[in-house]
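Here the structure is a predicted model, which means the values were calculated and not measured. For the single chain, residues carry numbers from 1 onward in sequence order. Remember, it's 1-based here, ligands and their atoms both numbered in the order they're listed.
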Amino acid sequence: MMLAGAEIDKTSVAYTSGSSGNVEPSVAIPAVQGSSKEAQVEALAQGLAMAPKLEPVDIQFSNITCTVNLGFTKGTKQILHGVNGRLRPRQLIAIMGPSGAGKSTLLDVLSGYRITGVGGAVFINGRGRIMKRFKKMSCYIQQDDRLQGLLTVGENMTLAADLKLPTKLDKYEKGEVIEDILTNLGLYEHMNTRGAQLSGGQRKRLSIALELINNPLVMFLDEPTTGLDSSSCTQVVQLCRSLAHQGRTIVCTVHQPSASLFALFDQVYVLAAGQCMYQGTTKNLVPYLEQSGIPCPIYHNPADYIIELSCGEYGHDKIELMSNKSENGRSLEWFDDSSSILSMEALRKKYPLSVLRETEPTGGDEETSQSNQRSVLIKRGFLKAKRDSTMTHLRLIVNVLVGIMLGSLFIEAGNEGSRVLENYNLLFAILMHHMMSPMMLTILTFPSEMSVLSKEHFNRWYSLGSYYISITLVDLPVSIVGCAIFSVIVYTMSAQPLDIVRFAMFFAISLYTVLVAQSLGLMIGAVFSVVNGTFLGPTISVPMMMFAGFGVTLRDLPNYLYWGSYISYLRYGLEGFIGAIYGLGRPVLDCNKALYCHYKHPRTFLNEVAMSPDMFWWDVLALTAYVFVLRIAAFILLKWKLNAVR
Ligand SMILES: Nc1ncnc2c1ncn2[C@@H]1O[C@H](COP(=O)(O)OP(=O)(O)OP(=O)(O)O)[C@@H](O)[C@H]1O
């Protein structure tokens, strides 16, 4: 398939992973000549080479209700009031209605995204919907384009193909699928453009392209035209129309389409205040209004008129009237061939159970194995880290600068008997650094990942477990390198004992503290927004510091607060540091800078701060347990959060 009016030299495009981990086309992307918008729209109408192979899907929904909880004392609110409807195959269907009518909610329910507070039934080809099977044949593209902005169009597509197409396909076969989709969606010439640099219309088309990779039979799109100019709107709707006519059922919510855009839809479903106003073909809307006694004024866009009616601009009795006339979506009268629309029984006969065998979900929820998901996600993670070089460099630079700063402030404090308390302060300051930077970084960055995760996970790109393992592994090298650089700088500048075992102990405690802080950040970031997390993170850190045994020693902690020292991971960190620096039978310290050194004998100091140097392995054990417990807790919270938003 070639873009109309465009000349593309289609030397075979194969997608390879470069040695740097970049996912790049193995041939240069040729320039497109004469690619006008009209030509692209025309091209979009021609359809993909990859038409669905399975039987089209006829969806019926009956008595759908949706109730949300407004909070403790505010009770509940019903958004959808027992609506019914029929979404016919090979049709582009618009769900229309005024703002707040419940369009997105209905789409959420029909796609299976919303599960809480939902009543009623959805039937697929005459049989009750089995969610696992339905998710395999459908996709949901939400209003905000949840794309990987750091990756190019080609990379986004290649990674999606690696996650969604069978692993037995080689890169050339996957490349063919990608090429077909991108060419048809007018994105071929933007192959090397990063997601963040695409225009609104292109972003929307890329969102559709990504979901088209595994060729779904049913597509739900929430407001695909919002924020686009009229030409881009037409492109997107024209594209949906051609995809629908290839054998897919495509349902979009739209706000207030222009007359020409409205005419591109085959079927319309109008909602007002959670009730159905009209269901039928686009061209039957005008006769429907006429027969209802509320004819559309001449030269008035019928789409605008029915929205005005649904808003109650012509009286609330009209809403009642239309809801009754459409039987809240039960009436099929306004479909073109209403008499030939198959009943549920007829549909079951047409699609006998044996046909369903082909769509029988096997194995896990996702298309590829867990190990493939992990390796693709790890590749994507490293690619993103490389692209987001500012963040990666910033993390390393911060470690270098803070290391130099602390090293200069406490220069050569480590081997001097008169500066033991200073050195103690340094060890605590190091813990603060290892606690705050990774925790705050995770709290600030993770919530922005959530929307992409939610979309990709819902559309079965990968399991949450694979995602979680991949983000843990991808972050580890930068954390280790940053922590190692910091440790070397601060350890040598502050003249701690030059002993490889002590340094290894010091580094191990530092890294563990970083990992615990990161896990805590992940727990907070998974559940709370950036604003709430930014408040909560430092607030939780205060008791951690209070009970670390610094300032108020563990000996002086009141009995009724002693439990706090067991839950403060900084206590284990500080005790571990003390063990590394002053344990292992450290000999008497130099006393060159003062006449009297009170802490010349490390034992005196250890006694005074009430810390035992022999606890090092217990401290390591406690920090290991902390990392595991917090990581598992963060995973459970993440899973809960993904379901709670539904
Ligand atoms: N989780 C929720 N809690 C409380 N109210 C909700 C919730 N979700 C939706 N609503 C309310 O339900 C109504 C319908 O919302 P919905 O987003 O489905 O409307 P819409 O027709 O898609 O509107 P728009 O076109 O403006 O996006 C709105 O009044 C909205 O405030």
Side-chain angles (χ1 to χ4, degrees), residues 61 63-85 87 93-120 122 140-146 200 204 207 219-228 233 236-237 240 250-258 261-262 265 267-279 301 303-313 316 318-319 322-323 326 328-329 447 450-451 454-455 458 527-529 532 640-646:
F61 53 98
N63 202 20
I64 298 288
T65 56
C66 181
T67 311
V68 288
N69 214 328
L70 295 177
F72 231 5
T73 52
K74 295 177 188 151
T76 56
K77 173 182 175 183
Q78 188 162 1
I79 302 175
L80 298 175
H81 299 273
V83 290
N84 307 276
L87 307 170
I93 303 143
I95 299 182
M96 279 175 28
S99 186
K103 303 181 293 294
S104 302
T105 308
L106 180 60
L107 204 67
D108 283 351
V109 173
L110 294 176
S111 63
Y113 184 75
R114 195 184 278 254
I115 42 183
T116 315
V118 174
V122 179
Y140 186 16
I141 300 167
Q142 275 145 332
Q143 189 178 350
D144 44 337
D145 300 307
R146 302 170 180 198
K204 191 59 72 188
S207 296
M219 297 179 82
F220 297 97
L221 295 98
D222 194 8
E223 306 205 3
T225 56
T226 299
L228 304 185
C233 281
V236 170
V237 175
C240 293
I250 302 200
V251 191
C252 312
T253 58
V254 275
H255 242 288
Q256 202 149 4
S258 64
L261 199 67
F262 182 62
F265 289 95
Q267 185 187 324
V268 195
Y269 190 94
V270 184
L271 270 177
Q275 287 179 302
C276 178
M277 300 287 101
Y278 170 74
Q279 177 188 219
N301 173 8
D304 285 345
Y305 183 59
I306 193 151
I307 301 282
E308 287 159 14
L309 284 166
S310 306
C311 285
E313 278 184 30
H316 285 274
K318 306 290 186 300
I319 298 180
M322 288 191 290
S323 173
S326 71
N328 207 7
M450 283 292 283
S451 63
S454 151
K455 175 201 92 168
F458 179 75
V527 178
F528 297 98
S529 66
N532 294 343
W640 167 79
K641 180 73 178 181
L642 286 180
N643 282 325
V645 293
R646 296 168 59 195

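Protein residues with a heavy atom under 4.0 Å from ligand 1 are Val68, Leu70, Lys77, Ile79, Pro98, Ser99, Gly100, Ala101, Gly102, Lys103, Ser104, Thr105, Arg114, Glu223, His255.
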List the atom pairs, donor and acceptor, that lie under 3.5 Å between side-chain atoms in residues 101-120 and the rest of the protein, sequence neighbours left out.
residue : atom : partner : partner atom : Å
Lys103  : NZ   : Gly97   : O            : 3.0
Lys103  : NZ   : Pro98   : O            : 3.0
Ser104  : OG   : Asp222  : OD1          : 3.3
Ser104  : OG   : Asp222  : OD2          : 3.3
Asp108  : OD1  : Tyr140  : OH           : 2.4
Ser111  : OG   : Leu107  : O            : 3.0
Ser111  : OG   : Asp108  : O            : 3.1
Ser111  : OG   : Tyr113  : N            : 3.3
Tyr113  : OH   : Ser454  : OG           : 3.4
Thr116  : OG1  : Arg646  : O            : 3.2

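Closest heavy-atom contact between Tyr269 and Gly329: OH-CA, 4.3 Å.
Ser451 has its side chain within reach of Arg146: a pair of non-hydrogen atoms, C-beta onward, lies under 4.5 Å apart.
With sequence neighbours excluded, no residue forms a side chain to side chain donor-acceptor pair (under 3.5 Å) with Asn84. Listed by chain and residue number, Thr65, Thr67, His81 satisfy the side chain to side chain contact (heavy atoms under 4.5 Å, CB included) test with Gln78 (two or more places apart in sequence, or in another chain).
Ile307 pairs in a side-chain contact (heavy atoms from CB on, under 4.5 Å) with only one of the listed residues (Glu313, Met96, His255, Met277), which is Met96.
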